[in-house]
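I have placed the structure first, in the form of structure tokens, so that the comments after it can refer back to it.
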2 protein chains.
Amino acid sequence: MSDSKIRNMEEFAALSGVSRPTVSKYFNDPESVRASIRTKIEAALEHHDYRPNIFAVNQNRKLTKNIGIIVPYLADPFFAEIARRIETLVIAEGFRPILLSSHGDTNLEVSNLEALRQIKPAAVLLAPLGRTSDRQAIMDFCDNVPTVNFDSNIEGAGEAFIGHNNVQATEMMIEYLTRTGEPPVFFEMRTPPNPNAIKRRNAYLATMERMGHTPQLVQAEGEGWNLEEIGYETAKRAITNKELSTNTVFCSNDRLAIGFLSAAYELGVKVGHAEGCSLRVAGHDNHPFSRYTCPTLTTISHNYDLIATRSVEIVMSMIESEQRLEERPTTLLDGELIMRASA
Amino acid sequence: MSDSKIRNMEEFAALSGVSRPTVSKYFNDPESVRASIRTKIEAALEHHDYRPNIFAVNQNRKLTKNIGIIVPYLADPFFAEIARRIETLVIAEGFRPILLSSHGDTNLEVSNLEALRQIKPAAVLLAPLGRTSDRQAIMDFCDNVPTVNFDSNIEGAGEAFIGHNNVQATEMMIEYLTRTGEPPVFFEMRTPPNPNAIKRRNAYLATMERMGHTPQLVQAEGEGWNLEEIGYETAKRAITNKELSTNTVFCSNDRLAIGFLSAAYELGVKVGHAEGCSLRVAGHDNHPFSRYTCPTLTTISHNYDLIATRSVEIVMSMIESEQRLEERPTTLLDGELIMRASA
DNA sequence: TTTTTTTCTTTACGCGCGTTAAAAATAATA
DNA sequence: TATTATTTTTAACGCGCGTAAAGAAAAAAA
């Protein structure tokens, strides 16, 4: 498979018996050269294992074959899972994904944007931090790089937004919980990092009002992305102090719910809809681990696959059409109720 | 902060009143130019926001400021967490981390290696898939790129290895479990993807023998990285069929343990060392979620920070000394017993 | 076979920056 | 102030490839 190392395209062209510009053409699109030539080049490739220098290639192109992906916190399995799917799709489309995590840090998000801009990506998929994002930096970035915003909506940022239909999902869960028992208390952070949480809170309040129930917000005080810990501590407090006005708790997201379940277990409070349980707990997101909590967590699934697929679809259409979208289409994906043991 | 866009270093040099070669020198090391010149350049930077074209820079350097990081499966919180720490350290050292996940796929691992090679990284931190890795491809890669192997040891690959002291950790846990109750059964996959698992199995067998207890392996048949599911299914089978010869289970890793706990809960088997519990379960890895399982998981912590810190340290010393290491130093980090409620 | 169309080869320039050698300017030392 | 050491400027080449123009060759159509 290999002989001597080849320095550059010039050398490789000589070895394959084809001129350099034609070889260059081949590497940009193998179909663009005649079959006979293609055979020659590919035969040479078998013996010499040459690949164009990626830096030289990118220097001479306005846009590269890179697609940037920024997520707010990669150690969160939710984003890890979405990133994984997006990467796979991007590779299948023949692009190279560049995955960056902001690790919950505003400055890192900004420098991730700067790093991507340098790389001249064909497009970027951006899931911003949300509340703590540097809005101006993001808007500037989106002016220069074709971007699709997903998960956390930053109004006006990017050419399109793909996110969750928090209203539909929240209504559905409240309806379910109320129909099968008591209306829920809402368990959340007072200052959540993610705007989805705000939408969910408002949807909770509106729905409860509409249904004629009195809402109750149980709020955690913490900051940051250590949501399980925040949920755990707050749940312990709320249960111990008997702060919950009903026997049903709707958590703003699954990670808080996981902390809640841990606290409940520790305090000997049995959770579930079965006999002998004193509390029901539901979550939101269908976290990869929600299937294995004790009890298994009733939650709302936001189809990972669809978010990934739709985002990549839009990005690809942007790249192909080579122009920005006129309006800013917003896709809100409906959630699906995942009924398990906890509620 | 910004005026007109600057095309290249030539233009920026003109604006700052310094010659281009000197500006180039400045960007490679600001300390290498006279203070008066530095002031001029930095003053210009305030107004014009110019940064050297990364492709042109890298094309003209043998090595870049990139440091590659490859992990086998980023959606696994264990690797997500390690990757996060490594990234942070790498950035602090003034390098740019390029994080790639193999998503459990041999071919993707190989193409990740190829992608990195193209990028001419200063060094690479590689956590391979393990059993399913293409050993030859990895060895070839390591010949060409200075690499540090961590987590899964591929014998002879890379300039150094940093991993877990599986023997010490396993012995410690068995000793603890035996001292506080019955000796454990070992719960694992028959064909684990990761070589650590094999080391742990062997350490279990050896330690049990040495202590004069009869070992028992309870093995899951699954393949792949969906460990919680595999643990869950196998635990259900083992508990239902009463396959466990003692009341204590030592899981090869925390993700299997999480599945185990879920199954036990579902079957109404109380887990823990407290009164009224019929089973003890321990894990291995101190998975980020092991703190929130029900009951909280007794496990062995492999200091994330140390793995990340040591790996980056070695990489940096390799880069600075500009030469390969003579031998292949192997660092095995001792585990720490994390006593929680499950055992 | 001749004409037309398509594709390839040759030649050459440009991308933005690293780097070097010689000349010029500046700083440090005597 | 004169001398020496250090840094900067000027000028120029090279990195590896994209790309454009003009002529040559091959394939397709007449």
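Each chain gets a letter, A, B and so on, in the order its sequence line appears, and its residues count up from 1.
Nearest to the side chain of B:Pro21, among D:dT10, D:dG18, D:dA27, sits D:dT10. Taking the side chain of B:Arg20 as heavy atoms from C-beta on, and the options C:dC8, D:dG18, C:dT19, the nearest nucleotide is C:dT19. Set against D:dG14, D:dA12, C:dG14, the side chain of A:Asn60 has C:dG14 as its closest nucleotide.
Within 4.0 Å (heavy atoms only), A:Tyr50 reaches sugar-phosphate atoms of the nucleic acid but no base atom. B:Arg61 comes within contact range of no nucleotide atom at all, as no heavy-atom separation falls under 4.0 Å.
In this structure, the NZ atom of B:Lys25 is 12 Å from the P atom of C:dT20, given to the nearest Å. Spacing between atom OH of B:Tyr26 and atom C1' of D:dT8 amounts to 17 Å, rounded to whole angstrom units. A straight line from CG of A:Asn28 to P of C:dC8 spans 14 Å, rounded to a whole angstrom. B:Phe27 places its CZ atom 15 Å from the P atom of C:dT19, with the value rounded to the nearest Å. Put simply, CD1 on A:Ile54 is 15 Å from C1' on D:dG18, counting in whole angstrom units. One can place CZ of B:Phe55 at 15 Å from P of C:dG18, the figure rounded to the nearest angstrom. The distance between atom CE of B:Met9 and atom P of C:dC15, rounded to the nearest whole Å, is 15 Å. When the P atom of D:dT7 is taken as reference, atom CZ of B:Arg34 falls 7 Å away, rounded to whole Å.
Between A:Ile37 and B:Val23, it is A:Ile37 whose nearest contact on DNA chain C lies nearer the 5' terminus. Taking for each of B:Ala56 and B:Ser32 the nucleotide of DNA chain D with the nearest heavy atom, the 5'-most of the two is the partner of B:Ser32.
Remark: side-chain polar atoms of B:Asn149 are paired, donor with acceptor, to backbone N or O of B:Ser152 under 3.5 angstrom.
Considering only side-chain N and O atoms, B:Asn53 lies nowhere under 4.0 angstrom from the phosphate OP1 or OP2 of C:dC15. Distances shown here put every side-chain N or O of A:Asn8 at or beyond 4.0 Å from the OP1 or OP2 atom of D:dC15. Distances shown here put every side-chain N or O of B:Thr22 at or beyond 4.0 Å from the OP1 or OP2 atom of D:dT8. Residue B:Ser19 has no polar side-chain atom (N or O) positioned under 4.0 Å from OP1 or OP2 of D:dT10.
Sorted by first and then second residue, the salt bridge (charged side-chain N to carboxylate O under 4.0 Å, His left out) pairs involving residues 119-130 of chain B (not counting sequence neighbours) form an empty list.
Taking all atoms of both residues into account, the shortest heavy-atom contact from B:Glu155 to B:Asn153 is OE2-ND2, 3.3 Å.
The aromatic rings of B:Phe27 and B:Tyr50 sit perpendicular, their planes meeting at an angle over 60°, well past the 30° parallel limit. Between B:His103 and B:Tyr73, the two ring planes are perpendicular [angle over 60°; tilted spans 30° to 60°].
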